[in-house]
2 protein chains.
Amino acid sequence: MRLVIARCSVDYIGRLRAHLPLATRLLMVKADGSVLIHSDGGSYKPLNWMSPPATLRITEPGADDAEAGVVEVWNVQSAKTDDKLVISVYEHLSDVAHDLGTDPGLIKDGVEADLQRLLAEQITKLGEGYTLIRREYMTAIGPVDILARDAAGATVAVELKRRGDIDGVEQLTRYLELLNRDPLLAPVRGVFAAQQIKPQAKVLAADRGIDCLTLDYDEMRGVDDSASRLF
Amino acid sequence: MRLVIARCSVDYIGRLRAHLPLATRLLMVKADGSVLIHSDGGSYKPLNWMSPPATLRITEPGADDAEAGVVEVWNVQSAKTDDKLVISVYEHLSDVAHDLGTDPGLIKDGVEADLQRLLAEQITKLGEGYTLIRREYMTAIGPVDILARDAAGATVAVELKRRGDIDGVEQLTRYLELLNRDPLLAPVRGVFAAQQIKPQAKVLAADRGIDCLTLDYDEMRGVDDSASRLF
DNA sequence: ATATCTATCTCGCTA
DNA sequence: TAGCGAGGTAGATAT
């Protein structure tokens with residue numbers, strides 16, 4: 001990784017066009033050829049960037065650019081698309097390089113997949129006498145998160161979200177419509193389960209005859225003994 | 001902005017939990033207190049981060065950590081939420097700091113707004129004899145991107161996306177339902193227009209009697225003479 | 001302030 | 001490889 005603090009202007013031409021006027025910024029060149037241009041604020045998103053795989057070619061400025069004060073032109077070319085990033089460097093303020101090697105990567109806990117695993121294991125959270133049919137039940141329009149059977153033997157489709165939004169209810173509605181065309185499964189009821197369910201989503205779910213279930217991840221995690229094995 | 005190359009491990013606790021094992025990485029501390037942890041690959045997204053506003057407090061390691069080789073503990077605390085990032089630094093390999101000042105920011109061209117302007121100007125892309133009624137036609141549930149009249153004088157509602165997804169079709173369906181209640185407009189047909197339309201979206205659109213139209217931005221942009229005026 | 005929608009989204013999984 | 005869904009989505013815009 002090479003880190004250059006420089007006064008520069010930037011032009012991007014690709015899926016859109018974008019321009020950065022002359023200012024002092026950080027230029028980060030990664031081992032895979034990707035380049036990130038960061039300012040001293042904002043968030044984790046750079047002002048501009050080139051995704052890998054890419055190649056950086058540093059050239060002398062043309063006569064006009066040199067006249068304007070440009071000392072180097074960085075041409076960053078995407079290897080797969082014809083996206084191009086042109087960085088005009090006016091002044092180097094700092095320049096360091098280090099080989100970081102490959103990163104072991106991030107270990108996550110608490111995403112939808114974990115919630116789904118826990119609910120499948122603790123299927124009676126849905127109600128007394130429920131049994132799991134299967135997780136990720138495939139249909140023509142995508143996988144139903146959890147398919148279960150209630151105490152009376154009726155099929156129940158569960159859509160699971162970390163945050164229960166209106167489009168989650170839409171998604172479950174589409175699944176229910178499809179599943180109810182299958183005479184072997186019909187009638188199929190819907191349950192919308194999430195850690196938090198927004199009021200609008202609750203209203204829409206009620207309107208569609210879909211039950212809502214708010215899940216307590218920490219509590220479910222506490223019951224699961226594999227949680228302690230994660231770190 | 002402070003740039004530290006360090007061997008470190010990282011733990012995040014907030015909306016989820018995440019852990020980064022010991023490895024060499026870049027730690028970027030911005031003027032607003034935000035911290036980014038980058039590896040030498042991936043894309044513009046850091047391995048882990050803390051969004052501004054945040055405060056960084058650097059402390060001595062506890063006895064156990066010191067024993068394990070930790071020389072500094074960075075506590076990054078979000079000012080608004082209780083999200084927390086703990087960076088255990090084992091070794092500093094490089095450390096530079098620069099004041100970059102505020103950035104003038106990015107100038108963009110080629111997003112959905114541009115596509116909408118172009119389609120409004122080139123409304124016959126929809127078909128022979130079409131005329132524009134108006135862009136951003138307001139309804140109670142939001143603006144319809146483009147409202148037009150076909151050669152036969154019937155009303156057509158256009159939903160425009162850069163990438164045509166299933167929820168774009170849902171959105172257009174809601175608009176059509178509403179527009180068709182207006183006797184002055186009804187019957188209103190729907191057209192789903194995008195640079196790329198996903199197969200599932202096409203199937204759903206067909207099922208709802210909505211036409212699909214794939215747009216070529218570069219070609220439409222070529223026709224438009226205002227494109228050359230941008231930079 | 002909140003709600004909604006876009007994104008050069010990125011990332012990971014699966015068919 | 002392409003498609004599809006999730007994200008600590010983030011970021012912008014209209015309400």
Side-chain angles (χ1 to χ4, degrees), chain A residues 10-18 34-37 42-52 54 76 78 80-85 105-106 108-116 136 138-145 159-163 165-168 171 194-195 198-201, chain B residues 12-18 34 41-52 54 76 78 80-85 105-106 108-116 136 138 140-143 145 159-168 170-171 174 194-203 217:
Chain A
V10 183
D11 285 283
Y12 165 77
I13 298 177
R15 275 160 286 187
L16 56 71
R17 288 146 190 263
S34 58
V35 176
L36 280 62
I37 299 151
S43 71
Y44 73 65
K45 198 175 178 181
L47 293 165
N48 215 327
W49 71 92
M50 180 57 67
S51 306
V76 190
S78 168
K80 288 195 168 177
T81 69
D82 55 2
D83 290 27
K84 195 165 69 169
L85 200 62
L106 193 66
K108 283 187 182 183
D109 170 42
V111 289
E112 192 190 303
D114 299 301
L115 209 56
Q116 189 189 110
E136 300 286 347
M138 279 308 304
T139 72
I141 56 170
V144 177
D145 287 337
E159 177 61 35
L160 199 61
K161 293 284 175 200
R162 239 164 37 81
R163 280 176 355 215
D165 232 331
I166 210 158
D167 43 345
Q171 198 177 339
Q195 283 181 271
K198 296 207 172 152
Q200 290 194 344
Chain B
Y12 164 77
I13 298 177
R15 275 162 284 188
L16 57 73
R17 292 146 192 261
S34 59
S43 172
Y44 70 67
K45 197 175 178 182
L47 292 165
N48 216 328
W49 72 93
M50 181 56 69
S51 307
V76 190
S78 168
K80 288 194 167 176
T81 68
D82 54 3
D83 289 26
K84 196 166 69 171
L85 200 62
L106 193 68
K108 281 189 183 183
D109 166 46
V111 287
E112 189 191 306
D114 300 298
L115 206 57
Q116 188 188 111
E136 302 284 347
M138 277 309 303
I141 56 170
D145 288 337
E159 177 63 34
L160 198 60
K161 293 284 175 200
R162 235 168 41 78
R163 277 169 13 203
D165 233 330
I166 211 157
D167 35 341
E170 296 283 12
Q171 197 178 339
R174 289 196 295 272
Q195 283 181 272
Q196 283 191 330
I197 301 178
K198 296 206 174 153
Q200 290 197 347
K202 277 187 185 170
V203 170
Y217 179 67

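In what follows, every chain begins at residue 1, and chains take the letters A, B, ... in the order their sequences are listed. Because only heavy atoms are used, hydrogens play no part in the values below, and waters and symmetry mates are left out as well, while side chains stay in.
Partners of A:Gln195 by side chain to side chain donor-acceptor pair (under 3.5 Å), not counting sequence neighbours: none found. Judged as a salt bridge (Lys or Arg N to Asp or Glu O under 4.0 Å), and not counting sequence neighbours, the contacts of B:Glu170 are A:Arg174, B:Arg208. When the side chain to side chain donor-acceptor pair (under 3.5 Å) test is applied to A:Glu112, no partner is found at least two apart in sequence or on another chain.
The distance between atom CD1 of B:Ile166 and atom P of D:dG5, rounded to the nearest whole Å, is 7 Å. When rounded to the nearest whole Å, the span between CG of A:Asp167 and P of C:dT6 equals 12 Å. Atom C1' of nucleotide D:dG3 and atom CD of B:Gln196 are separated by 11 Å, given to the nearest angstrom. In this structure, A:Asp145 atom CG and D:dC4 atom C1' are separated by 13 Å, rounded to whole Å. Rounded to whole Å, the distance from CD on A:Glu136 to P on D:dA6 is 9 Å. In this structure, B:Glu159 atom CD and C:dT6 atom P are separated by 7 Å, rounded to whole Å. Note: CG (A:Asp83) to C1' (C:dA7) measures 14 Å, nearest angstrom. Rounded to whole Å, the distance from CG on A:Asp114 to C1' on D:dA6 is 13 Å.
Residues A:Val10 and A:Leu47 form no side-chain contact, since every pair of their non-hydrogen atoms from C-beta on lies 4.5 Å or further apart. Residues B:Ser34 and B:Met50 have side chains not in contact (no heavy-atom distance under 4.5 Å, counting atoms from C-beta outward).
Taking CZ from B:Arg162 and CG from B:Leu115, the interatomic distance works out to 9.0 Å, rounded to the nearest 0.5 Å. Taking CG of B:Asp165 as the start and NZ of B:Lys198 as the end, the distance is 4.0 Å to the nearest 0.5 Å.
Residue-to-nucleotide proximity on DNA chain D shows that, of B:Leu85 and A:Lys80, the 5′-proximal contact is made by A:Lys80.
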Might you list the N or O atoms of the protein lying below 3.5 Å from N or O atoms in nucleotides 1-4 of chain C, with each pair's distance?
unit_1 : atom_1 : unit_2   : atom_2 : d
C:dT4  : OP1    : A:Gln200 : OE1    : 3.0
C:dT4  : OP1    : A:Gln200 : NE2    : 3.1

Are there any protein N/O atoms within less than 3.5 Å of an N/O atom in nucleotides 10-15 of chain C, and if so, which ones and at what distance?
unit_1 : atom_1 : unit_2  : atom_2 : d
C:dT10 : OP1    : A:Ser51 : OG     : 3.3

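Residue B:Pro199 is in sugar-phosphate contact alone, with no base atom involved, counting any heavy-atom pair closer than 4.0 Å across all strands shown.
Taking side-chain N and O atoms only, B:Arg162 has a distance below 4.0 Å to OP1 or OP2 of C:dA7.
Nearest heavy-atom pair across B:Ser43 and A:Pro52 is CA-CD, 4.3 Å. Residues A:Asp83 and A:Tyr12 come closest through the heavy atom pair OD2-OH, 2.7 Å. For the residue pair A:Ile37 and A:Pro46, the shortest heavy atom distance occurs at O-CB, 3.3 Å.
Counting heavy atoms of neighbouring residues, nucleotides and ligands inside a 6.0 Å radius, atom CD of B:Gln196 does not exceed 12 of them.
Base pairing in DNA chain C gives the following stems of 3 or more Watson-Crick or G-U pairs, range against range and under 3.5 Å: C:1-7 with D:9-15, C:9-15 with D:1-7.
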